[in-house]
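Each remark here refers to the structure printed beneath this line.
The chain is numbered in sequence order, starting from 1. Note that the structure is predicted; figures quoted are calculated from it, not measured.
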Amino acid sequence: MVFTDEQRERYSRQMKLEEVGEAGQKKLAESRVLVVGAGGLGSPVLMYLASSGVGTLGIVDGDSIDVSNMQRQVIHSTRGVGNSKAESAAKRVQEINPYVKTVVYREYLAADTAWDMIQDYDFVLDCVDNFPARFIINDVCVLAKKPFCHGGICGFTGQVMTYVPGQGPCYRCLFEEIPGKEVQESSSQGGVISSLPGIIGSVQALEAQKYILETGELLTGRMLTFDGLTMQVRTVNLGGASAYCRVCGENADIKEIRPELYREQETGSSEGSKQ
């Protein structure tokens, strides 16, 4: 592809980097990234990937904007309350960078549709707020050999890890099974300081950019944890994949995505709107 003069000016500060240049900018422009969740984490992810020139952004979110979202979901505006989050996010992406193509999915991520959806993308961002959706993303990406980055937030703390096929453990290696309903409700309804999603979501966006650019060290086999109260950032070594993992272990029994494995998915939010 050939960049216009306006595009060269738009991306000039980025293209000055040795790790990017014109070749890297073309990689970004030709890439397809799926962002599951247009809430707190999805907001910075979408805005930074759009501004950096990622060619196609898929946006998955079945929720509508609520006034309670305004505290942290910065991609949306108060005047959009009641509108679709996926469509609102796509509109903002176009305002940031008209060269980015958006694909809008006004739906919650579901086990029976996730496989076909994820197939079309090079990288997936897990920006959801509940466990069934996280496990669906993980299991589909592992089976389909797709890389993804997980982000999680609660209170003043957050975490990020990246999975690349054949490199380190997947999300299920670490957390094994979807927790009980009580734990799920506690997690999805907990409080979060407004700036935290911006910090963790920005790290997720950077992981996607590094993967596309094929530069730097990804958080594969490692988990970055952030404590906003103490400003401590740690990178924990997770080791290798678990031999007992149900989706990527030696005796894995999950060979396909079956809705019954994620049954709580049918009655709860699954797009990350509360984060």
Evaluate the side-chain proximity of [Y] to [X]: yes if any heavy-atom separation is below 4.5 Å, no if none is.
X	Y	result
Ser51	Gln14	no
Val20	Leu213	yes
Thr235	Leu219	yes
Val33	Ile212	yes
Met70	Ile65	yes
Gln232	Phe226	no

Exercise. Determine, stepwise, if the pair Cys149 / Leu125 fulfils side chain to side chain contact (heavy atoms under 4.5 Å, CB included).
Key: CA-CA 5 Å; Cys149 180; Leu125 277 300; 3.9 Å; yes
Self-check item: Output field: ring centroids Phe135/Phe131 closer than 6.0 Å
Solution: no
Please say whether more than 12 non-hydrogen atoms of neighbouring residues, nucleotides or ligands are located less than 6.0 Å from [atom1] in [X].
X	atom1	value
Glu9	CD	no
Asp5	CG	no
Tyr244	OH	no
Glu95	CD	yes
Glu250	CD	no
Arg258	CZ	yes
Glu18	CD	no

How long is the straight-line distance from [atom2] of [Y] back to [atom1] of [X], given to the nearest 0.5 Å?
X	Y	atom1	atom2	value
Met47	Ser202	CE	OG	8.5 Å
Gln71	Ser195	CD	OG	9.0 Å
Lys85	Asn69	NZ	CG	3.5 Å
Ile137	Leu34	CD1	CG	8.0 Å
Leu174	Gln159	CG	CD	9.0 Å
Leu206	Thr162	CG	OG1	9.5 Å

Quiz item: Can you list the steps and then say if Thr4 with Tyr99 is a side chain to side chain contact (heavy atoms under 4.5 Å, CB included)?
Solution: CA-CA 11 Å; Thr4 65; Tyr99 296 104; 3.8 Å; yes
Taking all non-hydrogen atoms of both residues into account, name the closest pair between [X] and [Y] and its distance.
X	Y	value
Pro197	Gly40	CB-O, 3.3 Å
Ala38	Leu46	CB-CD1, 4.3 Å
Gln119	Ala144	NE2-CB, 3.3 Å
Tyr163	Gly168	CE1-O, 4.2 Å

So, [X] and [Y], do they make that salt bridge, N to O below 4.0 Å?
X	Y	result
Glu177	Arg246	yes
Lys91	Glu87	no
Arg8	Glu22	yes

Has [X] got a side-chain atom pairing as donor or acceptor with [Y]'s backbone, closer than 3.5 angstrom?
X	Y	answer
His76	Asn83	no
Gln25	Ser52	yes
Glu207	Met161	no
Glu256	Leu143	no
Glu176	Cys245	no
Ser88	Ser84	no

May I ask whether [X] and [Y] are part of the same hydrophobic cluster, defined by side-chain heavy atoms of I, L, V, M, F, W, Y residues being less than 4.5 angstrom apart, directly or through others?
X	Y	result
Leu28	Leu218	yes
Val128	Leu261	yes
Val36	Val247	yes
Leu49	Ile199	no
Ile75	Val35	yes

Practice problem: Could you go through the salt bridge (Lys or Arg N to Asp or Glu O under 4.0 Å) check for Arg32 and Asp122 one step at a time? | Solution: CA-CA 5 Å; Arg32 297 175 57 86; Asp122 305 312; 5.9 Å; no
Quiz item: Going through the checks in order, is the side chain to side chain contact (heavy atoms under 4.5 Å, CB included) test met by Val140 and Val124?
Solution: CA-CA 10 Å; Val140 171; Val124 180; over 6 Å; no
Quiz prompt | Exercise: do Tyr262 and Asp139 side chains pair donor with acceptor under 3.5 Å | solution = yes
Quiz item: Looking only at side chains, do Gln209 and Tyr48 share a donor and an acceptor under 3.5 Å apart?
Solution: no
Quiz item: How are the rings of Tyr105 and Tyr121 set relative to one another: parallel (under 30°), tilted (30 to 60°) or perpendicular (over 60°)?
Solution: perpendicular
Quiz item: Arg72 and Val192: side chain to side chain contact (heavy atoms under 4.5 Å, CB included), yes or no, with the steps?
Solution: CA-CA 9 Å; Arg72 66 207 175 282; Val192 60; 3.5 Å; yes
